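Quick caveat: nothing in here was measured; it's all calculated off a predicted structure.
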Amino acid sequence: MRIASFNINGVKARLPRLIEWLEETRPAIACLQEIKSQDEGFPRKEFEAIGYHVETHGQKGFNGVAILTDGGPAENVSRGLPGDPDDEQARFIEADFNGVHVANLYLPNGNPQPGPKFDYKLAWMERLRLHLEGLLASEKPCVVLGDFNVIPEDKDVYSVKAMASDALMQPESRDAYARLLGQGWTDALNVLNPRGGVWTFWDYQAGAWQRDHGFRIDHLLLSPECADRMSAAGVDKEYRGREKASDHAPVWVELA
DNA sequence: ATGACTAATTATATTAGA
């Protein structure tokens, strides 16, 4: 079964591209970030028409995540990252489908740094770490995926110099990501491409796509139970080059 | 050193993204 993640940068602006991608690659589970839509405004009928069930966790204007499942509804759907009842940003949704637990996240960007947005990012990552402890302890097959807004290592960015002061690759961001992996998660794209050079995001500006100025910030973390079943993982890079594309490309993992 | 794009919003400039 294929499990995919796609930061779509606006579900309404991306609708034709999104339907096209689902029909062409047909993931069993598709996790979306940056739907930029409230739940009631999400165009669910268009997805249901091609056989997907829809679970959303949205808010007005920005953020927002969704889980699409092929041929049946997700179960045990839970919205919001535990640990801070005052956090109103819609960045996390998790559910079970086909015997796998998927946690879909849109981690805060954190720019500009230093500042309150960076503090929020690091606090969010600490909450995530605590929550993922529990998922690992369950010993169920789990995939934690989405837009992590972290460039894990220098090999994951086209230019270290150009991004040096960005929140995405500050030591604090990288340390927090490394602590997650240290719990026992497998970074699927990383283990299959140990030398790096794999990008999932290309900025709209300055011809970044044409120059291949990208970086890897969309990740698929597999629990040991899932890592054993991984048969392939990759980036659907060509979708970044299409008309009215998102600035992210989809990422996916195939589990036996 | 700066700006470049794109999407959404009680919009015609601002916020946010990365």
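- Taking the ring centroids of A/F6 and A/W21, they lie under the 6.0 Å cut-off.
- Residue A/Y106 places at least one side-chain N or O under 4.0 Å from the OP1 or OP2 atom of B/dA18.
- With sequence neighbours excluded, the residues forming a salt bridge (charged side-chain N to carboxylate O under 4.0 Å, His left out) with A/D187 are A/R216, listed by chain and number.
- Residues satisfying the side-chain hydrogen bond (donor to acceptor under 3.5 Å, both in side chains) test with A/W209, not counting sequence neighbours, are none.
- As judged by a 4.0 angstrom heavy-atom cut-off over every strand, A/D147 is placed among residues touching the sugar-phosphate backbone only.
- At the phosphate of B/dG17, neither OP1 nor OP2 sits under 4.0 Å from any side-chain N or O atom of A/H248.
- A gap of 13 Å separates the P atoms of B/dA16 and B/dT10, to the nearest Å.
- If you find the closest nucleotide of DNA chain B to A/A206 and to A/K244, the one lying nearer the 5' end belongs to A/A206.
- To the nearest angstrom, C1' of B/dA16 lies 10 Å from CD of A/Q89.
- Across A/V150 and A/S173, no two heavy atoms sit closer than the pair CG1-O, 3.9 Å.
- Comparing the P positions of B/dT2 and B/dA13 gives an interatomic distance of 24 Å, to the nearest angstrom.
- Taking atom NZ of A/K121 as the reference point, atom P of B/dA16 lies 16 Å away to the nearest angstrom.
- Using a cutoff of 4.0 Å between basic side-chain nitrogens and carboxylate oxygens, A/D87 and A/R127 are scored as salt-bridged.
- For the P atom pair drawn from B/dT15 and B/dA1, the interatomic distance equals 25 Å after rounding to whole Å.
- Between A/E254 and A/R229 there is no salt bridge, since none of the side-chain N atoms of the basic residue sits less than 4.0 Å from a carboxylate O of the acidic one.
- For the pair A/N149 and B/dA18, the criterion of a side-chain N or O lying under 4.0 Å from OP1 or OP2 is met.
- Atom CG in A/N63 sits about 9 Å away from atom C1' in B/dA16, given to the nearest Å.
- Across the protein-nucleic acid pair, A/N109 atom CG and B/dA18 atom P stand 5 Å apart, rounded to whole Å.
- As rounded to whole Å, 15 Å separates atom C1' of B/dT6 from atom CZ of A/R17.
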Quick one, give me the B/S/- string for nucleotides 8-15 of chain B, reading 5' to 3', where B means a protein heavy atom under 4.0 Å from the base and S means that only happens at the primed atoms, P, OP1 or OP2. SSS-----

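- An OP1 or OP2 oxygen of B/dA16 is reached within less than 4.0 angstrom by no side-chain nitrogen or oxygen of A/R91.
- Rounded to whole Å, the separation between the C1' atoms of B/dA18 and B/dA4 comes to 13 Å.
- Atom CZ in A/F201 sits about 12 Å away from atom P in B/dG17, given to the nearest Å.
- Across the protein-nucleic acid pair, A/Q205 atom CD and B/dG3 atom C1' stand 7 Å apart, rounded to whole Å.
- Between A/I19 and A/I50, some side-chain heavy-atom pair lies under the 4.5 Å cut-off.
- Heavy-atom neighbours of A/E238 CD from other residues, nucleotides or ligands within 6.0 Å: above the threshold of 12.
- Between the CD1 atom of A/I8 and the C1' atom of B/dT6 there is a distance of 14 Å, rounded to whole Å.
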